[in-house]
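Working notes, structure below.
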Amino acid sequence: MLRDAVAFSGFSVNDSKAALAFYKDTLGLDVTDSEGMGLTVTFSSGGSAFIYEKPDHVPATFTILNFSVEDIDAVVDELAAKGVKFEHYDSMPGAQDDKEIMRGKAANMGPDIAWFKDPAGNILAVLQN
């Protein structure tokens with residue numbers, strides 16, 4: 001029934017102008033402002049996400065977007081240079097290094113991954129398989 005439907009993800013933020021600047025300028029994504037309706041992020045892989053402002057926004061307590069990258073160290077360094085702060089979690093199955101990258105591949109525990117938040121507090125991640 002829904003197999004051929006066009007699907008996309010959506011999540012809320014508390015400030016769409018801050019979200020637009022972060023997703024477009026900091027992360028370098030293709031973002032379209034729907035003039036009061038919300039923001040549409042279009043990924044080069046063909047998917048999209050809809051970001052909408054919500055006055056009583058509560059940040060997601062889980063990762064809302066994962067970005068699979070070729071070189072996690074280079075991406076983490078570039079994002080850190082743009083002011084992105086990476087999260088540290090004591091409850092991860094593997095230790096995080098000084099860049100806050102959990103080195104899952106070396107520990108045979110999945111991908112290397114680093115988490116960060118958008119201006120609304122939603123959790124995002126970059127990972128390398």
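Counting from 1, the numbers follow the sequence of the chain as shown. On a predicted model such as this, the values are computed, not experimentally measured, just so you know.
- Linking ILVMFWY residues whenever their side-chain heavy atoms come closer than 4.5 Å, directly or via other members, places L39 and L124 in the same cluster.
- Nearest approach of F11 to A49, heavy atoms of both residues: CE2-CB, 4.2 Å.
- Within the 4.5 Å cutoff, the side chain of T40 has no heavy atoms near those of the V31 side chain.
- Put simply, F22 and I51 are part of the same group of oily side chains (I, L, V, M, F, W, Y) that touch within less than 4.5 Å, one to the next.
- Side-chain contact check for I123 versus F62: every heavy-atom pair is 4.5 Å or farther apart.
- Contact detail for P59 and A120: the closest heavy-atom pair is CG-O, 3.2 Å.
- For the pair S68/N129, a side-chain contact is recorded, criterion being any heavy-atom separation below 4.5 Å from C-beta on.
- The main-chain N or O of V69 is never found under 3.5 Å from a side-chain atom of Q128 such that the two would form a donor-acceptor pair.
- In the hydrophobic clustering of this structure, L20 does not group with Y52; members are Ile, Leu, Val, Met, Phe, Trp, Tyr whose side-chain heavy atoms approach within less than 4.5 Å, directly or through other members.
- Checked by atom type and distance alone, the side chain of H88 never pairs as donor or acceptor with a backbone atom of E100 at under 3.5 Å.
- Ion pairing between a basic and an acidic side chain is recognised when a charged N comes within 4.0 Å of a carboxylate O; K24 and D30 show no such pairing.
- In this structure a side-chain-to-backbone donor-acceptor pair under 3.5 Å is missing from E53 to V13.
- At a threshold of 4.5 Å between side-chain heavy atoms, the hydrophobic network of Ile, Leu, Val, Met, Phe, Trp and Tyr places L29 and L127 in two separate groups.
- Here N66 contributes atom CG and I113 contributes atom CD1; the two are 5.5 Å apart, rounded to the nearest 0.5 Å.
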Practice task
Please report the C-alpha distance between K99 and D77 in whole Å, then the side-chain angles of each, then the deciding distance to 0.1 Å, and finally whether the salt bridge (charged side-chain N to carboxylate O under 4.0 Å, His left out) criterion is met.
Solution key: CA-CA 8 Å; K99 292 184 180 184; D77 290 346; 3.1 Å; yes
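- Distance OG1/T63 to NZ/K117: 10.5 Å, rounded to 0.5 Å.
- Residues L27 and V76 share a hydrophobic cluster, clusters being chains of Ile/Leu/Val/Met/Phe/Trp/Tyr side chains in contact below 4.5 Å.
- Heavy atoms from other residues, nucleotides or ligands lying under 6.0 Å from CE of M109 number more than 12.
- The closest donor-acceptor contact from the side chain of D112 to the backbone of K105 lies under 3.5 Å.
- A distance of 5.0 Å separates CZ in F43 from CZ in F67, rounded to the nearest 0.5 Å.
- Shown here are the salt bridge (charged side-chain N to carboxylate O under 4.0 Å, His left out) partners of D97, two or more places apart in sequence or in another chain: R103.
- Using a 30° and 60° split on the angle between ring planes, F50 and F8 fall in the perpendicular class, above 60°.
- Looking only at distances, no side-chain donor or acceptor of N122 sits under 3.5 Å from a matching main-chain atom of I64.
- Between A18 and P119, the shortest heavy-atom contact is O-CG, 3.9 Å.
- Taking the six-membered ring for Trp, F86 and W115 have ring centres at least 6.0 Å apart.
- Checked by atom type and distance alone, the side chain of Q96 pairs as donor or acceptor with a backbone atom of E87 at under 3.5 Å.
- A distance of 8.5 Å separates CG of L79 from OG1 of T26, quoted to the nearest 0.5 Å.
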